[in-house]
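Worksheet: the structure to be examined is printed underneath.
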Amino acid sequence: MVTKLAQVLGRLVKTLAYLVFALLRRPGLTGPLMVAAVVAVQVSRWGWLVRVLVVVLVLAGALGWRFKHRSSFNRLVWVPVVQWYRRWIRYGLAWRFWMGRCGLGITDETTGRVMRPRIVKLRYTPSVDRLLLQLPVGLTSKELDDKRTHLAESMRALDARTRKDRPGRVWLDLEMRNPLQATISAIPIVESLDPAILDGLVIGYADDGMPWRLRVRGSHVFIAGATGSGKGSIIWSTLRALAPFIRAGLVEIWAVDPKGGMELEFGKDLFTRYERDDYEAMVALLEDAASDMDERCRRLRGTTRKFNPTTATPLVMVVVDELATLTALQPDRRLQGRAENALGLLLTKGRAPGFHVLAAVQDVTKRVCEWRDLFPDKIALRLGKANEVDMVLGDEAWDNGALCDSIPRSLPGIGYVLTEGHAHATRVRAAYVTDDEIRAMARDYRPRRVLHSIDAPGNTTNPTDNPETGEAA
């Protein structure tokens, strides 16, 4: 009798020791399972009718919550549950097996134990699982990056990308589905004049399903991409989001299209100033913008630290569809120098007084990329080579997952955006605005005041404007 009791106690102690060890080693897995087991034991004491009633009430409450407040349900219930499942079940149970098959490990010379990369945390999105990995000493992020294809195939992912977090830690992004595959329709125009909108215009979506917000107040935007990569989608989606501000006179668009109007002509009625034929006039537009900026700086100094647009001091967006034509590719060195001087002034001083530059280029290998560091926000669409990605987004951008050279031609508008204050680029896709939508937008949201008559050879004031105030008569 004593022997049997000792055996039972021994088994109980071993079981408890194993549970404690499992709880300490994998608390995220065993903790919830233990709680669920305790709850199941308590519920088993109830009658079957009570149990069925409780299950029905819980399911009904969850479904009602999901349909009434889906965002909070997803944030507080769905995402944590799916994140726990993927972290501890889908990846956690087979992780060492996957690492071994992919050849990712270091053998400890003292103990002979094989050390594998370890999952520190997982962030779930509807399209990408982001795993933060702790690398064992002796294993480098380069070795992990070399196994991206093996990891993607093993874990049934469409693609795998690595991003450096800090020494010894690497993010492994597993793309489970491509949410940017389908063309995004034009974003509906928000009829609001709240200045905060200028800090985050919705012009498309990111690969995590969240809206892509582009900042125009207090920033400049540099867009690079090959022919047909979707630069126009970004420009027109930005102008579409600004349409109510343009009509109200809170935002002015000064546009330059060195390609003779092939891209911007559809929306010319939206522009306060517009040049597309004469290089001299294009450079003069940039110089006038720089001159107005200097004058506004003198008027606003000492009055405010954050620019808020008014009809007297609107935000001026200078849109240049092909910047290299005025700088690196301009045969007239005099005009080139003038354009570079004006552009340099706008980029270095324009953020505070409300002057914004949105410039697009095709060939990033030209000298125009010397300007990239003056643009806080940079967007790289489809490019030809990996080194071109680094020229646009900065050193090691391609190594950190901005694979612009892998974007297919059939998916224009997809690219990677690097915003000020962020270390890594985010994959995004701009909405596509059709020609008819551009014409309707230009018709319905045309500004009150036009400084240059688009079709006239010289500079003229719109005859319907008041010459004193610039307001429509």
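In this chain, numbering begins with 1 at the start of the sequence shown. Treat the numbers as computed from the prediction; the structure is a model and nothing was measured.
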Check: Counting N and O atoms only, with roles assigned by atom type, does the side chain of Asp159 sit under 3.5 Å from a partner on the main chain of Ala152, one being a donor and the other an acceptor?
Finding: no
Checklist line | Nearest heavy atoms of Val361 and Ala324, plus distance in Å | finding: CG1-N, 4.1 Å
Check: Hey, are the side chains of Ile235 and Leu264 touching, using non-hydrogen atoms and a 4.5 Å cut-off?
Finding: yes
Check: Are more than 12 heavy atoms from other residues, nucleotides or ligands located less than 6.0 Å from atom CH2 of Trp65?
Finding: yes
Item checked: Any donor-acceptor N/O pair, Arg382 side chain to Thr227 backbone, under 3.5 Å -> yes
Notebook entry, point to check: Yes or no on side chain to side chain contact (heavy atoms under 4.5 Å, CB included) for Leu133 and Ile119, after CA distance, side-chain angles and deciding distance?
Noted result: CA-CA 5 Å; Leu133 306 182; Ile119 302 176; 3.9 Å; yes
Check: Does a side-chain heavy-atom distance below 4.5 Å link Ile223 with Leu381?
Finding: yes
Note to self: For Val318 versus Ala289, what's the shortest heavy-atom pair and its separation?
What the structure shows: CG2-CB, 4.1 Å
Notebook entry, point to check: Does some side-chain heavy atom of Val114 sit less than 4.5 Å from a side-chain heavy atom of Thr107?
Noted result: yes
Checklist line | Backbone N/O of Leu198 and side chain of Arg217: donor-acceptor pair under 3.5 Å | finding: no
Next item on the list: For residues Asp269 and Ala442, report the shortest heavy-atom separation together with the two atoms involved.
Entry: CB-O, 3.7 Å
Notebook entry, point to check: Is a donor on one side and an acceptor on the other found under 3.5 Å between the side chain of Arg156 and the backbone of Glu153?
Noted result: yes
Notebook entry, point to check: CH2/Trp171 to CZ/Arg166 distance, rounded to the nearest 0.5 angstrom?
Noted result: 11.0 Å
Checklist line | Main-chain N/O of Ala182 paired to Arg429 side chain as donor or acceptor, under 3.5 Å | finding: yes
Notebook entry, point to check: Who are the side-chain hydrogen bond (donor to acceptor under 3.5 Å, both in side chains) partners of Thr162, not counting sequence neighbours?
Noted result: Asp145
Note to self: Test salt bridge (charged side-chain N to carboxylate O under 4.0 Å, His left out) on Asp108 and Arg113; report intermediate values, then the result.
What the structure shows: CA-CA 5 Å; Asp108 189 301; Arg113 182 185 175 188; over 6 Å; no
Checklist line | Any Glu420 side-chain heavy atom under 4.5 Å of Asp377 side chain | finding: yes
Checklist line | Sidechain-backbone polar pair: Arg163 side chain, Ala425 backbone, donor-acceptor under 3.5 Å | finding: no
Next item on the list: Assess whether side chain to side chain contact (heavy atoms under 4.5 Å, CB included) is satisfied between Val417 and Trp212, documenting all intermediate values.
Entry: CA-CA 9 Å; Val417 57; Trp212 172 20; 4.0 Å; yes
Next item on the list: Using modelled atom types only, decide if a donor and an acceptor are shared between the side chain of Lys231 and the backbone of Gly225 within a distance under 3.5 Å.
Entry: yes
Check: Going by heavy atoms in the side chains, are Met155 and Trp95 under 4.5 Å from each other?
Finding: yes
Item checked: side chain to side chain contact (heavy atoms under 4.5 Å, CB included) between Phe307 and Arg296, worked out -> CA-CA 11 Å; Phe307 175 79; Arg296 182 181 291 183; 3.6 Å; yes
Check: Rounded to the nearest 0.5 Å, what separation is found between the OH atom of Tyr124 and the CH2 atom of Trp78?
Finding: 6.5 Å
Next item on the list: Apply side chain to side chain donor-acceptor pair (under 3.5 Å) to Trp398 and Asp390, showing your working.
Entry: CA-CA 6 Å; Trp398 188 89; Asp390 292 345; over 6 Å; no
What donor-acceptor contacts under 3.5 angstrom involve side-chain atoms of residues 236-243, with partners at least two apart or in another chain?
{"unit_1": "Trp236", "atom_1": "NE1", "unit_2": "Glu263", "atom_2": "OE2", "d": "2.8"}
{"unit_1": "Ser237", "atom_1": "OG", "unit_2": "Ser233", "atom_2": "O", "d": "2.8"}
{"unit_1": "Ser237", "atom_1": "OG", "unit_2": "Ala431", "atom_2": "O", "d": "2.9"}
{"unit_1": "Thr238", "atom_1": "OG1", "unit_2": "Ile234", "atom_2": "O", "d": "2.7"}
{"unit_1": "Arg240", "atom_1": "NE", "unit_2": "Ile187", "atom_2": "O", "d": "2.7"}

Margin query: Atom NZ of residue position Lys259 - does it have more than 12 heavy atoms of other residues, nucleotides or ligands inside 6.0 Å?
Written below: yes
Next item on the list: Please confirm whether the backbone N or O of Gly384 pairs with a side-chain atom of Glu388, one donor and one acceptor, at under 3.5 Å?
Entry: yes
Next item on the list: Identify the two heavy atoms, one from Tyr445 and one from Pro244, that lie closest to each other, and give their separation to 0.1 Å.
Entry: CD2-N, 3.9 Å
Margin query: If the condition is ring pair (Phe, Tyr, Trp, His ring centres under 6.0 Å), which residues does Tyr91 pass it with, not counting sequence neighbours?
Written below: none
Checklist line | Side-chain heavy-atom pair His220, Pro376 within 4.5 angstrom cut-off | finding: yes
Next item on the list: Rounded to the nearest 0.5 Å, what's the gap from CG on Leu193 to CD on Glu191? Could you check?
Entry: 8.0 Å
Margin query: Leu383 vs Asp405, test: side chain to side chain contact (heavy atoms under 4.5 Å, CB included). Steps then yes/no.
Written below: CA-CA 5 Å; Leu383 296 170; Asp405 55 322; 5.5 Å; no
Check: Nearest 0.5 Å, what's the CZ-CG distance between Arg118 and Leu132?
Finding: 9.5 Å
Check: Quick one: are Met176 and Thr125 in side-chain contact, heavy atoms under 4.5 Å?
Finding: no
Margin query: To the nearest 0.5 Å, what is the distance between NE2 on His150 and CZ on Arg101?
Written below: 12.5 Å
Margin query: So Ile407 and Ser229, do their side chains get closer than 4.5 Å, heavy atoms only?
Written below: no
Margin query: For Ser141 versus Leu135, what's the shortest heavy-atom pair and its separation?
Written below: N-CD1, 3.7 Å
Next item on the list: Over all heavy atoms of both residues, which pair between Gly138 and Ile106 is shortest? Give the atoms and the distance, please.
Entry: O-CD1, 3.7 Å
Next item on the list: Taking His424 for its side chain and Asp165 for its backbone only, find out whether a donor-acceptor pair lies under 3.5 Å.
Entry: no
Item checked: Spacing of CG belonging to Leu180 relative to OH belonging to Tyr205, to within rounding of 0.5 Å -> 11.5 Å
Item checked: Any donor-acceptor pair under 3.5 Å from His356 side chain to Val216 backbone -> yes
Note to self: If the threshold is 4.0 Å, N to carboxylate O, is there a salt bridge linking Arg130 and Asp173?
What the structure shows: yes
